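Notes follow once the structure below has been shown.
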Amino acid sequence: MAVVVVESPAKAKTINKYLGSDYVVLASYGHVRDLPAKDGSVDTDNDFRMEWEVAPESKKHIRAITEALKTDDTLILATDPDREGEAISWHLQEALASSLKKGKTVRRVTFNAITKDAVTKAMQEPRDVDLPLVEAYLARRALDYLVGFNLSPVLWRKLPGAKSAGRVQSVCLRLIVEREMEIEAFRAQEYWTVKAVLTTPRGQEFEAQLTVLGGKKLQKFDIPTGTAAELAVQAVTSRTFKVASVEAKPATRNPYPPFMTSTLQQEASRKYGFGAKATMNAAQRLYEAGHITYMRTDGIDMAPEAVAEARAEIKRRFGAAYVPDAPRLYKNKAKNAQEAHECIRPTDMAASAETLRLAEADQRKLYDLIWKRTIACQMASARLERTVVEIVSPDGEVGLRANGQVVTFDGFLAVYDESRDEQVVEGEDDEGRLPQIMQGEGVEKRKVAPEQHSTQPPPRYTEATLVKRMEELGIGRPSTYASIITTIQDREYVKKDKNRLIPEDKGRLVTAFLTNYFRRYVEYDFTADLEAQLDDVSAGERDYKEVLARFWRDFSAAIAETADLRIGEVLDKIDEFLAPHLYPARADGSDPRICPTCGSGKLHLKTARSGGAFIGCGNYPECRYTRPIGGTDEGGGAADAVLGVDENGLPISLKSGRFGPYVQRGEPTEEAPKPPRASLPKGWAPESITLERALQLLNLPRPIGPHPETGDLVEAGIGRFGPYVKHGATYANITDVEEVFTIGMNRAVEVLANKATRGRGTAAVAGPLRVLGEHPDGGEVQVMPGRYGPYVKWGKVNATLPKELTPEAVTLEEALVLVVEKAGKGKPAKAKAAAKPKAAAKPKAAAKPKAAAKPKADAKPKAAAKPKAVKAKAAE
């Protein structure tokens with residue numbers, strides 16, 4: 001038998017079904033080796049030698065293949081038919097080298113679809129691993145490593161808060177940031193149009209737009225104001241009109257080409273709102289199940305047999321009129337297209353989504369989209385008739401135009417029509433059908449009305465339009481689009497809101513830094529040219545080490561130039577670059593960089609110790625004015641409203657965060673990277689918060705006064721579990737939030753006394769101050785009052801709270817760590833036996849005086865039973 005290795009168990013299962021018992025089909029579960037995340041994994045001083053290591057989770061898969069090869073002499077590498085698939089095969093061959101020395105045969109096979117015919121045919125046409133494709137992968141992986149491993153530390157040192165940078169991700173991020181800057185710099189321009197509802201002599205209504213005024217053809221901005229529009233309306237209403245010409249022209253619409261990776265991602269986003277990653281995950285499952293051809297491709301040609309199948313299915317479903325005289329052939333126009341593979345299409349043209357009855361909704365939708373696009377691409381063109389009617393006044397001073405369109409034969413539109421990324425231009429492809437209109441006929445005016453418009457800024461990118469733009473620029477490749485877009489979102493450089501990609505402040509800072517200090521490496525043309533060089537390597541036309549050497553020579557010099565950069569110098573550069581965003585024009589026309597608090601200081605970009613960035617006054621510390629650099633602060637809360645300033649001039653803001661609305665005093669500074677905050681109590685509506693209410697919250701806990709018996713301070717506050725009064729280590733809950741701000745000493749002493757009465761006696765019978773939650777191994781974790789201070793209790797484990805942790809502030813995670821540390825002092829050997837609940841419940845055991853005299857031994861069992869598991873869960 002031969003051992004066949006593929007990437008995934010799903011793919012292995014499908015292939016095993018076709019190959020039968022003569023083959024052992026195993027999965028590598030993706031890549032088995034990668035570059036270690038350490039310095040020197042790519043040795044730039046030793047001809048770019050690359051050090052690889054087998055991933056820990058891959059070792060068992062390698063062992064399984066090694067075991068199978070002990071009894072089988074042939075290894076067949078059947079990974080995906082692209083650069084990445086070729087690389088996985090090469091890594092497998094290298095990792096299994098020690099098992100392949102004794103006369104064993106290694107062959108590589110590829111198939112574009114997981115069908116019986118395709119797999120069987122591939123097995124009859126084995127080849128060697130394609131080294132030029134592998135070298136293109138090696139070059140790409142080395143480039144990504146050299147950029148990421150050398151540029152990211154520069155970001156960390158010179159730009160606090162930045163996470164990392166990538167070769168292609170940074171260019172993609174630049175696209176999004178620059179589009180946002182275009183939107184912010186955009187200034188809308190007003191313009192007007194005039195439309196008239198007219199009727200024919202037969203009483204049929206239609207709509208026409210004013211196109212000629214004062215004998216001149218109107219341009220877009222020729223009616224700039226409402227006053228001018230009213231004058232235009234008067235010019236129309238005061239005149240009679242007749243039809244000057246009726247022109248009907250036939251037109252055709254051709255079908256769209258079949259899908260490749262980028263167009264599939266775009267259309268799935270437009271029609272279903274799928275992200276690029278979700279689209280590729282669903283497509284991967286469809287491919288592995290044998291329903292579609294390989295889904296990472298920039299080719300749009302179809303196999304002749306697939307074209308014949310599609311034409312036959314069109315004839316069967318729609319009739320001969322929908323089948324064009326000759327098959328349609330498509331050629332890719334994308335920059336740097338490799339056209340190495342067939343388009344994305346169904347493996348069986350007769351199998352529609354209804355036929356397959358796929359269980360998962362996303363797979364069903366995506367397959368339906370692929371099937372319809374593939375069938376439509378081989379159908380006849382749609383035939384249309386477009387009509388233009390010109391209507392003029394007798395003096396020729398005023399003219400109107402009506403447009404109409406009718407579909408005379410739907411053709412491919414019977415199956416599929418592509419969605420649009422944005423709204424269509426007014427008047428484009430949105431005309432309705434016109435009534436019968438004859439040249440020379442008069443028309444009557446029913447209604448004449450002006451319409452106001454304003455120019456719109458360029459739209460933010462969606463994942464679909466971003467992929468389209470990257471494809472146009474030649475940046476990235478089909479297998480990388482989804483991971484690039486996912487990475488910049490995971491790094492919190494970009495967020496997605498209503499399917500639109502919006503740069504975060506971190507993303508703007510990174511782009512500003514790279515554009516100023518590493519501009520060449522975020523240039524679109526440079527990145528596209530590097531992709532083209534990698535294409536040359538895969539074609540065997542260029543040495544990959546020469547590509548790496550040329551890149552590294554200039555890139556390492558650029559890295560060295562930043563060594564002496566001071567953070568202040570970097571911030572000044574970024575401050576200048578982002579000035580239109582950081583300091584938008586003020587309504588009163590005043591200088592947007594002058595501090596609104598002191599009126600004399602100049603605003604600058606600053607960074608906090610925590611890594612966040614903010615805008616602060618240059619007169620610090622005399623003036624402490626700060627604000628976020630954009631719409632969010634470092635905690636992710638939106639700056640919804642500034643309620644006012646406190647007695648020290650610090651702004652009091654109402655914000656929205658991950659855990660709901662809160663109020664905040666000041667903004668992050670170098671000295672105080674995390675300004676004081678207070679969450680709104682349950683039932684407090686954000687719109688009801690005034691400056692006075694906000695200050696009440698921020699000034700908690702509120703001192704009530706010294707206790708009459710002990711002299712210790714009594715306070716009122718709001719904790720995680722509601723309002724309370726506190727005396728020493730004793731906390732007593734109160735029911736009404738409002739009482740926190742009004743409670744006096746008499747009432748506070750009464751509440752505390754009730755708490756003490758309820759807890760009088762030993763600590764063992766006292767009620768818990770708080771219940772933190774459920775322990776991973778069962779049972780409540782509580783905060784208890786004790787003779788020597790509060791402690792955490794779980795079962796029989798009691799862990800004293802450190803002084804820096806108060807009962808109202810301690811979290812479940814912190815308590816679990818304390819429990820683990822306390823439990824770790826027990827004896828593990830006795831843990832299992834002592835942890836059994838039945839043994840503890842026996843009456844005899846409870847009656848023995850010796851057992852009763854050793855509370856510590858009883859306290860050890862559960863604590864020591866699973867200390868490692870508790871620690872792991874706490875860390876998670």
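For clarity, every value in this text was computed on a predicted model and none was experimentally measured.
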By side chain to side chain contact (heavy atoms under 4.5 Å, CB included), which residues pair with Asp73, not counting sequence neighbours?
Lys104
Between Lys468 and Glu471, is the closest basic N to carboxylate O distance under 4.0 Å?
no
For a quick test of your reading: what N or O donor-acceptor pairs under 3.5 Å do the side chains of residues 128-139 make, sequence neighbours left out?
residue: Asp128; atom: OD1; partner: Arg107; partner atom: NH1; Å: 2.8
residue: Asp130; atom: OD1; partner: Leu133; partner atom: N; Å: 3.3
residue: Tyr137; atom: OH; partner: His91; partner atom: NE2; Å: 3.1

Could you give all pairs that pass the salt bridge (charged side-chain N to carboxylate O under 4.0 Å, His left out) test and reach residues 51-62, with sequence neighbours left out?
Lys38-Glu51
May I ask you to check whether Tyr18 and Asp117 show a side-chain donor-acceptor distance below 3.5 Å?
no
Taking 4.0 angstrom as the limit, do Lys372 and Asp368 come out as a salt bridge?
yes
Determine, for Arg127 against Glu86, whether the closest basic-nitrogen to carboxylate-oxygen distance falls under 4.0 angstrom.
yes
Side chain to side chain contact (heavy atoms under 4.5 Å, CB included) partners for Ala382, two or more places apart:
Arg253, Phe412, Leu413
Give me the one residue out of Leu473, Thr465, Val467 that meets side chain to side chain contact (heavy atoms under 4.5 Å, CB included) with Arg469.
Leu473
Name all residues meeting the salt bridge (charged side-chain N to carboxylate O under 4.0 Å, His left out) criterion together with Glu267; count only those two or more places apart in sequence or in a different chain, and write none if there are none.
Arg270, Lys271
Please collect all ring pair (Phe, Tyr, Trp, His ring centres under 6.0 Å) contacts where either partner lies in residues 305-329, sequence neighbours excluded, each pair once.
Phe318-Tyr322, Tyr322-Phe409
Who are the salt bridge (charged side-chain N to carboxylate O under 4.0 Å, His left out) partners of Asp497, not counting sequence neighbours?
none
Taking everything shown except Arg357 itself, do over 12 heavy atoms lie less than 6.0 Å from its CZ?
no
Could you tell me if Arg33 sits above the aromatic ring of Trp90, with its cationic atom closer than 6.0 Å to the ring centre and no more than 45 degrees from the axis?
yes
Lys/Arg N to Asp/Glu carboxylate O, Asp34 vs Arg141, below 4.0 Å:
yes
By side chain to side chain contact (heavy atoms under 4.5 Å, CB included) - contacts of Glu546 (at least two apart):
Asp543
Can you pull the side-chain hydrogen bond (donor to acceptor under 3.5 Å, both in side chains) pairs that have at least one residue in residues 3-17, sequence neighbours excluded?
Glu7-Lys11, Ser8-Glu288, Lys11-Asp80
Nearest heavy-atom neighbours spanning Met295 and Ile344
O-CD1, 3.5 Å
Arg328 side chain to Ser381 side chain, donor-acceptor N/O pair below 3.5 angstrom
yes
Can you list the residues that meet the ring-ring contact (aromatic ring centres under 6.0 Å, His included) rule with Tyr272, with sequence neighbours excluded?
Phe274
Verify the distance criterion only: is there a donor paired with an acceptor across the side chains of Ser483 and Thr480 at less than 3.5 Å?
no
With sequence neighbours left out, write down each residue that passes ring-ring contact (aromatic ring centres under 6.0 Å, His included) with Tyr521, or none if nothing qualifies.
Phe526, Phe551, Phe555
Contacts of type ring-ring contact (aromatic ring centres under 6.0 Å, His included), residue Tyr524, not counting sequence neighbours:
none
Contact between Val42 and Leu548 at the side-chain level, heavy atoms closer than 4.5 Å - yes or no?
no
